[in-house]
Amino acid sequence: MAVSTGRATAAGGSARGRSRRKGSKDGNEGPGRLRRALSAHWYAWAMVTPVVVVMLVLIGWPLARGVYLSLTDATEANIGRTIGVNVIPASYEFVGLDNYLQILTSSVFWGKLVWTVVWTVVCVAAHYGIGLGLAVMLNRKLRLRSLYRVLLILPWAVPAFVAAFIWRYLYNSDYGVINGFLKMAGLSGVGWLDDPTTAKIAVIAVNVWIGVPFMMLALLGGLQSIPAELYEAAEVDGASAWQRFRAITVPGLRQVSSTVVLLGTIWTFNMFPIIFLVTRGGPGSETEILVTYAFREAFEGVRNYSGSAAWGVIILLMLVVLAVGYRRTLRSQGDPW
């Protein structure tokens, strides 16, 4: 009996010890998971906190304010303001989703959305196609390769507003360099920014000129990370250049391509300076995309702050849905990104 009791006592003590250890792991005893993380990584949290605070101030508060304004009827007439010593209180009211319903049921929104999608798809496709071609070329051993790289990066180094003004001058119907060359060749000048079709081609060309260098650099970095042994083995096996490109280059660039295409889509979708500074949305409003129209709502004519905020929230939601769907599609195809 004594031996049996001792064994039972030892077994009970062991079981209680395991229970206590299990309770500690589950967070039932001792510090919680958050507290343990803070105590173990306090230095990292201290380094991240200022950035989080700045982002909340610069991004979080304006975003929350914009969402709130989009649910009101705030305009230039009823917004609160101070004139001299007179303080005029705000008189706008909460209207719920009326602004969203008005936008989504208007033909203006759908017309701008179609052109914005066309603008984005054409520009991103051109960015990627031309960038990939230049990256493949610069990845080879060429004379003056460093010079070519510097020259091809220059468009990306020029600020967007400077490039827009330069290209606006080049497209000028009377004094533009492009029409000057056409006249020297015996051809008539073209009103590049006066016709809707040529104006759309013009802004796409400017955006492609600006965006290709980034895509080229990113893809060039991806190409240089692919082991050269793979190409050598494929060449020994008799694979042609196209077969090596399709079987090695394209899969090797998959992660880089997925990232730069998503970034390029978001940037092009919101590319305000090129449209606004080159054509100012004209002729008429034919080249306006969603972000330029939202700008006009808020800062031109009778300033419709609530309508502009609603346009901005709709644009943000569309990009969030696009990013989430794009990420899920990549994951379903086995991409870890």
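All residue numbers refer to positions in the sequence shown, counting from 1.
Remark: Q102 CD is loosely packed, at most 12 non-hydrogen atoms of other residues, nucleotides or ligands lying under 6.0 Å away. Within a 6.0 Å sphere centred on CZ of F272, other residues, nucleotides and ligands contribute more than 12 heavy atoms. By the neighbour-count criterion of 12 heavy atoms within 6.0 Å, atom OH of Y175 is sparsely surrounded, having that number or fewer from other residues, nucleotides or ligands.
Taking each heavy atom of V278 and L193 in turn, the nearest pair found is O-CD1, 3.5 Å. Shortest non-hydrogen contact noted between V256 and A218 is CG1-O, 3.5 Å. Nearest heavy atoms, G66 versus A309: O-CB, 3.3 Å. Contact detail for I248 and A234: the closest heavy-atom pair is CD1-CB, 3.7 Å. When all heavy atoms of M318 and L113 are compared, the pair lying nearest together is SD-CD1, 3.9 Å. Scanning both residues, W311 and L290, for their nearest heavy atoms gives CZ3-CD2, 3.5 Å.
Residues I226 and V236 fall into different hydrophobic clusters, defined by Ile, Leu, Val, Met, Phe, Trp and Tyr side chains chained together at heavy-atom separations under 4.5 Å. No chain of hydrophobic side-chain contacts below 4.5 Å, direct or via other Ile, Leu, Val, Met, Phe, Trp or Tyr residues, connects V67 to Y305. Y68 and W61 fall into different hydrophobic clusters, where Ile, Leu, Val, Met, Phe, Trp and Tyr are joined by side-chain heavy atoms under 4.5 Å apart, directly or via other members. Residues L56 and I59 do not share a hydrophobic cluster, clusters being chains of Ile/Leu/Val/Met/Phe/Trp/Tyr side chains in contact below 4.5 Å. No path of Ile, Leu, Val, Met, Phe, Trp and Tyr side chains, each step under 4.5 Å between heavy atoms, connects W115 with I201, placing them in separate hydrophobic clusters.
Using a 4.5 Å heavy-atom cutoff, the side chains of V208 and I204 are in contact. By the 4.5 Å heavy-atom criterion applied to side chains, I153 and V150 are not counted as neighbours. With a 4.5 Å cut-off on side-chain heavy atoms, D73 and D98 do not count as touching. Using a 4.5 Å heavy-atom cutoff, the side chains of R149 and L220 are in contact. Looking only at side-chain heavy atoms (C-beta outward), Y169 and V177 come within less than 4.5 Å of each other. With a 4.5 Å cut-off on side-chain heavy atoms, I130 and M216 do not count as touching.
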| task | Go through the steps for T292 and K112 under the test side chain to side chain donor-acceptor pair (under 3.5 Å), then give the verdict. | result | CA-CA 10 Å; T292 58; K112 304 302 179 191; over 6 Å; no
| message | One pair to check against side-chain contact (heavy atoms from CB on, under 4.5 Å): F181 and M184. What are the steps and the verdict? | response | CA-CA 5 Å; F181 281 120; M184 289 174 59; 4.2 Å; yes
| message | side-chain contact (heavy atoms from CB on, under 4.5 Å) for N270 and L319? Distances and angles first, verdict last. | response | CA-CA 10 Å; N270 289 324; L319 290 175; 3.2 Å; yes
| query | Step by step, would you call M137 with L134 a side-chain contact (heavy atoms from CB on, under 4.5 Å)? | reply | CA-CA 5 Å; M137 181 187 71; L134 294 175; 4.0 Å; yes
| task | Begin from the C-alpha positions of Y231 and T249 and carry the test side chain to side chain donor-acceptor pair (under 3.5 Å) through to its verdict. | result | CA-CA 9 Å; Y231 292 100; T249 304; 2.7 Å; yes
| query | Taking it one step at a time, do I275 and Y293 satisfy side-chain contact (heavy atoms from CB on, under 4.5 Å)? | reply | CA-CA 10 Å; I275 298 292; Y293 190 85; over 6 Å; no
| From CA spacing to verdict: side chain to side chain donor-acceptor pair (under 3.5 Å), Y100, S70 | CA-CA 8 Å; Y100 295 95; S70 70; 2.5 Å; yes
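Relative orientation of the W209 and W167 rings is perpendicular, given thresholds of 30° and 60° on the angle between their planes. Using cut-offs of 30° and 60° for the angle between ring planes, the F295 and F276 rings count as perpendicular.
One distance of note links NZ of K200 with CD of E286; it measures 5.5 Å at 0.5 Å rounding. The OH atom of Y92 sits 5.5 Å away from the CG atom of L69 when rounded to the nearest 0.5 Å. Taking CG of L262 as the start and OG1 of T265 as the end, the distance is 6.5 Å to the nearest 0.5 Å. Atom CG in N304 sits 7.0 Å away from atom CG in N99 (nearest 0.5 Å). To the nearest 0.5 Å, the span separating CG on L152 from CG on L147 amounts to 9.0 Å. Rounding to the nearest 0.5 Å places CD1 of I103 at 8.0 Å from CZ of F109.
Sorted by first then second residue, the side-chain hydrogen bond (donor to acceptor under 3.5 Å, both in side chains) pairs that include residues 177-199, not counting sequence neighbours, are S173-D194, N179-W192. Pairs engaging residues 117-130 under the side-chain hydrogen bond (donor to acceptor under 3.5 Å, both in side chains) rule: Y128-S257 [sequence neighbours left out]. Screening residues 99-111 for salt bridge (Lys or Arg N to Asp or Glu O under 4.0 Å) gives no qualifying pairs among residues at least two apart or on separate chains.
The main-chain N or O of S258 is found under 3.5 Å from a side-chain atom of Y326 such that the two form a donor-acceptor pair. With hydrogens and angles ignored, the 3.5 Å screen pairs a side-chain donor or acceptor of T259 with a backbone N or O of Q255. T287 contributes a side-chain N or O that, together with a main-chain N or O of G281, makes up a donor-acceptor pair within less than 3.5 Å.
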